[in-house]
Protein chains: 2
Amino acid sequence: MITIYTIFSAMRFSHQRETIRKIVNSTNSHPTADWVFSRAKRSIPKISLGTVYRNLKRLEKTGDLRTIYDGSIARYDWNTKPHDHLKCKECGDLMDVHLLDEGIRSDVKKKYKFAVDDVKMTIIGTCQKHK
Amino acid sequence: MITIYTIFSAMRFSHQRETIRKIVNSTNSHPTADWVFSRAKRSIPKISLGTVYRNLKRLEKTGDLRTIYDGSIARYDWNTKPHDHLKCKECGDLMDVHLLDEGIRSDVKKKYKFAVDDVKMTIIGTCQKHK
DNA sequence: AGTATATATAGTAATCATTCCTATTATTAT
DNA sequence: ATAATAATAGGAATGATTACTATATATACT
């Protein structure tokens, strides 16, 4: 007797992935994989770092989060809407801001015949805490 | 007899550093350290990768080049004047452009009381080669 | 509810970019 | 030419990320 199952891989529920999603959703601090890992261990002590990376990547693919790079290090952001970042060189904080880049988009399209998907802007400087 | 030399370390000439500087200056391709290394080996076969990294870092400090990050990978750019990048997701090319971000600078300063040092903007999309 | 099948995991090894270490070499002030 | 020390080559160490594999778990079908 032959049983045919679905050929294409479906995404299964996973307790680990849900935990990771919740952790990323719960903070505005743009956490690193390692921070998510240490947080996840509180509720799933045996979770492995590989699982965290695999699921962060998966969640990005499904549009549940976006990856941003702070220098060479990857950080994860639940906010998938277009926005920019202010990075304070004093405290290292990365703050979300929304600057109008619609002008930039159309400008680039006209001037350089470049079809824009995404504008990644990080502004480096000093935040108001350091005066 | 006691001889007193300069206390503070002065930068010495180095054939390797000059070669590295020339290589970075010679291209608009925003090369990686590894690319610079393989180029440098043509004229200095025994040059080591550590020397390349050390000098790229040094040249950044002296303002001879700037480091940009393409995702998590460091690339080096001889153009130290403020400018932005268009990254084509089809061919991976990184193109220099100058978009007016003066408005953004003053906007950020007013709205968020954030002292701006540098605006890092990369626009992801598709360049005119792919139509 | 029970079983079959495949996806997801934990744990660990491997990879890749980058930095660090150290004995030797090269630059430069004298 | 010499002394002092900055810079190098070569290799080891690090840190983030990915790959591998045997086991555990979710789920489609009975």
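The structure presented is a predicted model; accordingly, all values stated were derived computationally and were not measured. Every chain is numbered from 1, with letters handed out A, B, ... down the list of sequences. Side chains included, hydrogens not; waters and symmetry mates left out as well; all remaining heavy atoms used.
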*Sequence neighbours excluded, which residues qualify as side-chain hydrogen bond (donor to acceptor under 3.5 Å, both in side chains) partners of A:E90?*
none
*Could I get the full list of side-chain hydrogen bond (donor to acceptor under 3.5 Å, both in side chains) partners for A:T32, not counting sequence neighbours?*
none
I'd like to check the side-chain contact (heavy atoms from CB on, under 4.5 Å) partners of [X]; sequence neighbours left out, ordered by chain and number.
{"X": "B:R54", "value": "B:T51"}
{"X": "B:S29", "value": "B:T27, B:P31"}
{"X": "B:K41", "value": "B:F37, B:I47"}
{"X": "B:D93", "value": "B:C91, B:K129"}

*Near-strand residues of residues 44-80 of chain A, defined as heavy-atom separation under 4.0 angstrom from DNA chain D*: A:L49, A:Y53, A:K57, A:A74
*Identify, residue by residue, the members of residues 13-29 of chain B with a heavy atom below 4.0 Å from DNA chain D, and return them in order of residue number, or none.*
B:S14, B:Q16, B:R17
*Inter-end axis angle, the helix from C:dA1-D:dT30 to C:dT30-D:dA1, with every axis fitted to five base pairs (rounded, 10 degrees)*: 40°
*asked:* My understanding is that only residues two or more places apart in sequence, or in another chain, count here; which of them pass ring pair (Phe, Tyr, Trp, His ring centres under 6.0 Å) with A:H83?
replied: A:H85
*Rounding to a whole Å, what distance do you find between A:D34:CG and D:dG15:P?*
11 Å
*Take atom CZ of A:R12 and atom C1' of D:dA26, then tell me their distance rounded to the nearest Å.*
5 Å
*Of all residues at least two apart in sequence or in a different chain, which pass the salt bridge (charged side-chain N to carboxylate O under 4.0 Å, His left out) check with B:R75?*
B:D70
Mind listing the side-chain donor-acceptor pairs of residues 109-122 of chain B below 3.5 Å, one per line with the distance, residues two or more places apart or on another chain?
| unit_1 | atom_1 | unit_2 | atom_2 | d |
| --- | --- | --- | --- | --- |
| B:D117 | OD2 | A:K89 | NZ | 2.6 |
| B:D118 | OD1 | B:R66 | NH2 | 3.3 |
| B:D118 | OD2 | B:R66 | NH2 | 2.8 |

*Hey, quick one: are B:Y53 and B:I73 part of the same hydrophobic cluster, counting side-chain heavy atoms closer than 4.5 Å, chains of contacts allowed?*
no
